[in-house]
Amino acid sequence: MLIRNAVLADGRRRDVRIEGERIADVADAGSLDSGDDRVVAADGRLLLPGCIDVHVHFRQPGHAHKETWATGSRSAAAGGVTTVVDQPNTTPPTTTGTAFDEKATLAADSLVDYGINGGVTEAWDPDTLLERPLFALGEVFLADSTGDMGIDADPFADAVARAADAGVPVTVHAEDASLFDDGVYGSDAGGVGRDADADRWSAFRTAEAEAAAVERAVAVAGDTGAQLHIAHTSTPEGVDTAAAAGATCEVTPHHLFLSREDLDDLGTYGRMNPPLRDEARRAAVFERVADGTVDVLATDHAPHTVDEKEQGLWDAPSGVPGVETMLPLLLEAARQGHWSYERVRDLTARNPARIFDLPRKGRIERDADADLVLVDPDRPREIRGEALHSKCGWTPFEGWTGVFPDLTLVRGHVVYDGRGERETFGDAVGQNVRT
Ligand SMILES: [Zn+2]
């Protein structure tokens with residue numbers, strides 16, 4: 001395939017030739033001979049390396065009514081995400097070698113490449129788990145007593161030491177439950193679903209709990225030499241604590257674009273962990289994404305059905321979908337001048353590839369995997385939950401504007417084509433990026 005006359009994130013116009021699953025050549029626009037190649041006329045549209053979303057919950061095994069590898073990966077492909085990393089809080093949890101194997105079998109349904117994280121609980125089996133081609137350990141729920149997989153500092157220290165020995169990164173869900181405001185918990189929620197007073201969820205899971213847990217995680221990992229990555233930092237304090245300690249961190253689109261002010265409309269549909277923060281903190285996190293302090297954007301794509309969300313505040317499950325809307329929202333923000341296309345590329349592709357050691361991913365260069373997204377940056381459209389491909393059928397960004405991909409390639413295979421009257425999807429070509 002020859003992609004003719006594309007504009008890269010840095011503004012250069014290039015032809016890109018793909019041979020098999022790799023990029024064979026990148027040269028000045030108009031300079032490559034098409035020969036027998038199938039030609040995609042980019043006509044000056046933007047060509048980006050496919051996004052690497054290091055934080056999704058595709059729910060299989062155990063919760064296929066919320067999402068499957070097939071539906072989650074379609075949503076990823078339609079949103080320009082070509083690699084996903086699945087978290088271990090499935091049923092059974094991915095805490096043993098056998099559980100890893102079960103998930104790996106299901107992941108064969110994926111249209112996009114994937115990594116599988118190993119989970120850490122008091123009952124995990126590091127001997128068999130660490131033999132498998134893991135992406136990382138995590139997300140490890142450090143000192144989070146309200147999570148099913150929450151652990152305290154001692155087992156966390158053991159896990160970090162094992163990971164350091166095995167050369168496996170550790171990603172941490174940093175909320176210290178001892179700093180939650182228990183006086184708020186379980187008080188009258190005042191309605192269900194969109195009518196619930198979800199601001200109480202944010203009041204309960206305090207902003208202070210984040211930086212404190214980051215500090216604890218950094219203190220434990222510091223002695224071992226383990227590579228530490230803080231998941232979904234939602235406060236400027238959390239980001240700054242991670243950065244000062246030399247840990248990498250990620251921010252989700254919902255913490256970047258939504259705040260407690262949005263909870264009036266969202267109700268339980270805006271309940272997630274960590275929760276939405278006040279507007280001043282949201283704006284401060286936004287600044288840290290724009291200026292490059294934050295390393296990675298990742299979605300924490302955590303779908304639940306409408307029925308599950310239509311409960312009272314204290315019963316509705318935490319989590320929102322996001323894998324399909326991350327790149328569209330970031331590109332729309334770029335279109336409006338909040339940051340450059342290079343920043344979008346770095347946050348979604350180049351940095352995660354560097355941090356998690358994926359040398360063939362995240363770049364448009366000769367010999368890299370042909371994971372590519374073609375998009376018209378000047379053609380935004382309205383985000384509608386019913387038009388997205390996650391099984392859950394809703395989005396916290398209903399009515400927002402996004403710039404969606406025209407074409408998504410995974411290792412040279414077209415997995416999503418939105419150029420015609422009807423969108424089409426390719427085959428389940430996804431592979432484990434660690435094998
Ligand atoms: Zn998560």
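Owing to the predicted nature of the structure, the values given are computational and were not obtained by experimental measurement. Ligands are counted one by one from 1 in listed order, and the atoms in each one are counted from 1 as well. Both backbone and side-chain heavy atoms feed into the values below; hydrogens, waters and symmetry mates do not.
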With respect to the Zn ion (ligand 1), what is the nearest N, O or S atom of [X]?
X: Asp300; value: OD1
X: His57; value: NE2
X: Glu139; value: OE2

Practice prompt. Tell me whether His55 has at least one N, O or S atom under 2.8 Å from the Zn ion (ligand 1).
Written response: yes
Practice prompt. Report yes if some heavy atom in the side chain of Pro253 is under 4.5 Å from a heavy atom in the side chain of Phe397; otherwise report no.
Written response: yes
Worksheet item: Is the shortest distance from a Lys or Arg side-chain nitrogen in Arg281 or Asp278 to a carboxylate oxygen in the other one below 4.0 Å?
Response: yes
Discussion item. One thing to verify: whether Glu175 and Arg205 come together as a salt bridge, which I'm taking to mean a side-chain N less than 4.0 angstrom from a carboxylate O.
Written reply: yes
Discussion item. Given Ile52, which partner from the list Val433, Leu358, Ile355 fulfils the side chain to side chain contact (heavy atoms under 4.5 Å, CB included) test?
Written reply: Leu358
